[in-house]
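Residues: numbered from 1 along the sequence shown.
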Amino acid sequence: MVSILPVSLEDIRAAARRIDGRVTTTPMVQSASLGELAGVPVHLKLEHHQTTGSFKLRGATNAVLSLSPAQRLRGVVAASTGNHGRALAYAAKAEGAVATICMSRLVPENKVSEIRRLGADVRIVGVSQDEAQQEVDRLVREEGLVMVPPFDHPDVVAGQGTLGLEIIDDLPEAASVLVPLSGGGLAAGVAAAVKAISPTTKVIGLTMEKGAAMKASLDAGQPVQVEEVASLADSLGGGIGLDNRVTFAMCRELLDDVIVLTETEIAAGMRHAYACERQVVEGAGAVGIAALLAGKIRGGGPIVAILSGANVDMGQHLRVINGTQPLCGEEGP
């Protein structure tokens with residue numbers, strides 16, 4: 001028996017109405033090259049074409065619009081590995097609110113500078129998402145800012161779930177949806193939408209081999225801490241919070257599988273996206289392609305792979321494409 005989850009299909013549909021006109025309905029295209037490789041139709045959901053370069057704008061916009069005018073006046077704050085910070089800065093600015101974004105020193109400079117450009121107050125704290133979160137907690141406690149978490153919040157998850165609605169609207173016969181998995185906001189939201197409409201569709205979470213907090217937590221049966229390490233898929237880093245209240249339970253209930261990928265496999269996904277699909281994606285956005293290239297996806301089709309973000313440092317991207325990027329201790333491709 002399926003338990004009652006923190007975010008329902010109606011919550012997601014309400015979020016879709018709320019953010020309509022403020023986010024982009026992103027295209028979905030069929031990939032001939034990946035379809036030939038997989039032996040079934042493969043479609044790419046081009047969410048990296050979103051206004052701020054990633055899916056995070058959906059959840060951030062829904063969360064900001066769900067606040068009262070008085071709450072927005074106090075200002076919003078969040079910890080981020082980059083993409084949520086950019087999305088929250090954009091969404092807050094659109095509603096006349098001030099955003100403060102706390103990040104660790106592991107966040108790439110291209111993401112930090114873009115958040116500053118959007119007018120947010122940026123705080124660089126420590127070497128982990130957990131340390132950045134401690135500064136968020138202090139600002140909430142001492143300065144009265146309103147926290148908009150990057151994933152573990154019903155309004156954020158409902159906003160991300162609108163992506164699942166678009167996928168099923170475009171391809172109701174989808175057999176599997178491949179979702180990048182970090183703190184679980186995207187995976188939980190997409191799975192809640194997809195499973196409510198098409199229960200037989202599999203939703204598979206994809207993450208990096210090292211430092212995957214949600215994978216480790218699901219394996220342990222409870223939220224656990226993991227050491228954060230540098231990765232091409234930097235957006236998938238960070239903990240899920242030991243007091244996780246939303247995404248852990250939803251991912252445990254709704255995900256059909258979680259697959260891990262090596263740095264070499266993620267680099268191959270980025271190269272394929274560029275060379276064969278003509279798409280520039282960051283490492284986290286390439287994990288669906290990477291899993292297909294590595295032969296780690298089994299079963300029938302059609303398959304939908306979400307390309308979740310494009311906010312990659314272009315110098316790093318070129319090094320990956322040219323095969324000269326160091327891959328965190330692994331041998332280069």
Side-chain angles (χ1 to χ4, degrees), residues 28-48 167 171 173-182 184 186-187 190-191 194-195 198 200-212 214-216 218-219 229 231-237 251 254-309 312 317 319-323 325-333:
M28 189 156 66
V29 299
Q30 190 164 355
S31 168
S33 61
L34 291 171
E36 182 177 355
L37 176 70
V40 297
V42 174
H43 298 255
L44 303 176
K45 178 62 170 172
L46 307 185
E47 185 63 11
H48 64 302
I167 289 171
L171 195 69
E173 68 273 26
S176 297
V177 179
L178 312 183
V179 189
L181 176 64
S182 178
L186 178 63
V190 167
V194 168
K195 292 288 190 180
S198 179
T200 61
T201 301
K202 292 183 178 180
V203 181
I204 300 170
L206 305 170
T207 192
M208 70 280 205
E209 188 177 46
K210 300 175 183 178
M214 183 60 81
K215 175 67 163 63
L218 292 172
D219 289 345
V229 298
S231 171
L232 284 177
D234 55 87
S235 294
L236 301 185
C251 287
L254 297 173
L255 292 183
D256 292 283
D257 197 5
V258 175
I259 292 171
V260 298
L261 297 154
T262 68
E263 296 295 301
T264 299
E265 289 166 344
I266 294 169
M270 294 173 71
R271 284 197 301 274
H272 181 96
Y274 180 76
C276 300
E277 313 297 340
R278 297 297 187 259
Q279 305 294 332
V280 174
V281 293
E282 59 187 283
V287 291
I289 293 176
L292 287 163
L293 293 176
K296 293 184 173 182
I297 304 300
R298 301 285 187 267
I303 297 169
V304 179
I306 298 173
L307 308 192
S308 58
V312 61
H317 187 266
R319 291 191 297 274
V320 171
I321 298 307
N322 293 325
Q325 172 73 21
L327 298 180
C328 301
E330 298 189 19
E331 293 184 5

Exercise for the section: Apply side chain to side chain contact (heavy atoms under 4.5 Å, CB included) to I297 and I259, showing your working. Expected result: CA-CA 9 Å; I297 304 300; I259 292 171; 3.6 Å; yes
Practice task
Would you name the heavy atoms of M270 and V312 that are closest together and state the gap between them?
Solution key: CE-CG2, 4.2 Å
Fill in the blank from the handout: Shortest non-hydrogen pair, V40 vs G300, comes out as CG1-C, 4.0 Å
Practice task
Taking the side chain as every heavy atom from C-beta outward, state whether H272 and L34 have any pair of such atoms under 4.5 Å apart.
Solution key: yes
Problem - Any donor-acceptor pair under 3.5 Å from S176 side chain to I303 backbone - result: no
Exercise for the section: Could you check if a side-chain atom of V258 sits within less than 4.5 angstrom of a side-chain atom of M214, using non-hydrogen atoms only? Expected result: no
Exercise for the section: Verify the neighbour count for atom CD of E36: are there more than 12 heavy atoms of other residues, nucleotides or ligands below 6.0 Å? Expected result: no
Side-chain polar contacts of residues 283-294 - donor-acceptor pairs under 3.5 angstrom, sequence neighbours left out - could you list them?
none

Problem - Any donor-acceptor N/O pair, D256 side chain to V203 backbone, under 3.5 Å - result: yes
Practice task
Look up atom CG in N322 and atom NE2 in H317, then write down how far apart they are to the nearest 0.5 Å.
Solution key: 10.0 Å
Problem - E277 side chain near S31 side chain, heavy-atom distance below 4.5 Å - result: yes
Practice task
For K195 and T201, indicate whether the former's side chain and the latter's backbone hold a donor-acceptor pair under 3.5 Å.
Solution key: yes
Practice task
Identify the heavy atoms of T207 and L236 that sit nearest to each other, and give their distance.
Solution key: CA-CD1, 3.8 Å
Handout entry: Closest non-hydrogen atom pair between H48 and V280, with its separation
Key = CD2-O, 3.4 Å
Problem - Atom pair CD/CG of Q30 and L171 - distance to nearest 0.5 Å - result: 8.5 Å
Practice task
Report the distance from atom OG of S308 to atom CG of L178, rounding to the nearest 0.5 Å.
Solution key: 11.5 Å
Practice task
Answer yes when K296 and D257 have at least one side-chain N-carboxylate O distance shorter than 4.0 Å, and no when they do not.
Solution key: no
Practice task
Say whether, by atom type as modelled, one donor and one acceptor occur between the side chain of E173 and the main chain of P302 under 3.5 angstrom.
Solution key: no
Fill in the blank from the handout: Taking every heavy atom of G211 against every heavy atom of V229, the minimum-distance pair comes out as N-CG2, 4.4 Å
Handout entry: Nearest-0.5 Å distance, NE2 of residue H43 to CD1 of residue I167
Key = 11.5 Å
Practice task
Taking all heavy atoms of E282 and all of S235, pick out the closest pair and write down the distance.
Solution key: OE1-OG, 2.6 Å
Exercise for the section: Please tell me if the side chains of L261 and M208 come closer than 4.5 Å, counting only heavy atoms from C-beta onward. Expected result: no
Exercise for the section: Measure the spacing between CD1 of I306 and NZ of K45 and express it to the nearest 0.5 Å. Expected result: 8.5 Å
